[in-house]
**Student:** 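Once you've had a glance at the structure underneath, I'll fire off some questions.
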Amino acid sequence: MTAPLKHSASVTLDVALGDRAYDIVIGRDVLASLGERVAALRPGVRTAIVTDRTVAKHWLEPTEASLAAAGVPTSRIVVEEGEGSKSYATLTQVSEALIAAKIERNDLVIALGGGVVGDLAGFAAAILRRGVDFVQVPTSLLAQVDSSVGGKTGINSPQGKNLIGAFHQPVLVIADTSVLDTLSPRQFRAGYAEVAKYGILGDEAFFAWLEKNHADIFAGGAGREHAIATSCRAKAGVVSRDERETGERALLNLGHTFGHALEAATGFSDRLFHGEGVSVGMVLAAEFSAQLGMISSDDATRIARHLSAVGLPTRLQDIAGFKQEGLADADALLALMAQDKKVKRGKLTFILLEAVGRAVIANNVEPQPVRDFLQAKLKA
């Protein structure tokens, strides 16, 4: 683990993908440099900003001002906030607006928002004119440490999370940590689940650091930039080695097989934010690993204890409306897992743990042990 950043420092990380590469710029107030960076990257470019109504209130005008100062023309496309916008209908809305704005192949789409906007705008860019480049300007902690990096874009199907999409890498990521000051405490906590994930799956020293320093991260101290940079560095390394998730990159799905099913069961609504689902999912993955004898029960308890300490849900019973059918029904949850994009010939794939800081890919997991495990957790 690298030494913590100074609070005033910014850092630029490189994502190398063969003969392609892009920068991730992390630091306070780096949004102001967006226009200058875009103009240098693509002289004469036109842009279109895709954002949601809530983000637009805080950050659309500063983003437009940065572009205008660098002589970069832009237009705006504003969608509704929330997971419901990752839909066919909103994809159509955004795609048609991009066409109306005359965004061409040599232009740029700018995704200004959290994970929903990044996934949606990135997928629209991927299919517009058979591929237009885009820039990620993530405005949530979850997006800054996870969804803005790596090129996964897409929308949800009524049958499951992220089942329609494409790999489409951004050409630049601007992660301004000052924008996180406008997040609600719940949104910030949800993003923190993805930060903790990087420690749990591959860096025990980072996880131990988080256990000691999470209060500084939540308070907006220098630890925040360090946590974001460490998470992005970890993901950039994995993506550089396995862009299309043919092997190692699957480890980044720790907690997601359970978590995505829980999101689908709650109707992709604000009853359960993505990071909250990942939090519960990581604890379930740890406990399932312990049941299989892969890790100690103490390790599983350690993970749950830390996530609970920052206010994240760690049990199925912590989810709002838990008694609703689909959450308190092991068979219904298993049916949703069967639509996970990592399913192969009906067999489930889980990311399980051999220790805090060491995850493994478990292919061809039979459904019945998972059902029995869920049934026991539902009765706990």
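We're numbering straight along the sequence, starting at 1.
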**Student:** Does a donor on one side chain sit under 3.5 Å from an acceptor on the other, for Ser87 and Thr90?
**Tutor:** yes

**Student:** ring-ring contact (aromatic ring centres under 6.0 Å, His included): which pairs involve residues 98-120, sequence neighbours left out?
**Tutor:** none

**Student:** Quick one: does any side-chain atom of Arg249 pair with a main-chain N or O of Arg244 as donor and acceptor, under 3.5 Å?
**Tutor:** no

**Student:** Pairs in or reaching into residues 93-146: which pass ring-ring contact (aromatic ring centres under 6.0 Å, His included), with residues at least two apart or in two chains?
**Tutor:** Phe134-His168

**Student:** Within the 4.5 Å heavy-atom criterion, are His214 and His306 side-chain neighbours or not?
**Tutor:** yes

**Student:** Are side-chain N/O atoms of Ser33 and Arg37 paired as donor and acceptor at under 3.5 Å?
**Tutor:** yes

**Student:** Main chain of Glu248, side chain of Asp242: is a donor-acceptor contact present, judged purely on distance under 3.5 Å?
**Tutor:** yes

**Student:** Go through the structure and list residues passing salt bridge (charged side-chain N to carboxylate O under 4.0 Å, His left out) with Arg358, not counting sequence neighbours.
**Tutor:** Glu354

**Student:** Pairs in or reaching into residues 26-45: which pass ring-ring contact (aromatic ring centres under 6.0 Å, His included), with residues at least two apart or in two chains?
**Tutor:** none

**Student:** Can you find a side-chain donor-acceptor pair between Thr177 and Glu225 that sits under 3.5 Å?
**Tutor:** yes

**Student:** Is there a donor-acceptor contact under 3.5 Å linking the side chains of Thr257 and Asn253?
**Tutor:** no

**Student:** Between the side chains of Gln187 and Ser184, is a donor N or O closer than 3.5 angstrom to an acceptor N or O?
**Tutor:** yes

**Student:** Give a yes-or-no answer on whether the side chains of Thr74 and Glu64 include a donor-acceptor pair shorter than 3.5 Å.
**Tutor:** no

**Student:** Sequence neighbours left out, what passes ring-ring contact (aromatic ring centres under 6.0 Å, His included) with Phe188? Give chain and number order.
**Tutor:** Phe218

**Student:** Between Glu83 and His274, is any side-chain donor less than 3.5 angstrom from a side-chain acceptor?
**Tutor:** no

**Student:** For Gln169, what residues pass the side-chain hydrogen bond (donor to acceptor under 3.5 Å, both in side chains) criterion, not counting sequence neighbours?
**Tutor:** Tyr22, Glu243

**Student:** Output the distance between atom OG1 (Thr153) and atom NZ (Lys86), rounded to the nearest 0.5 Å.
**Tutor:** 9.0 Å

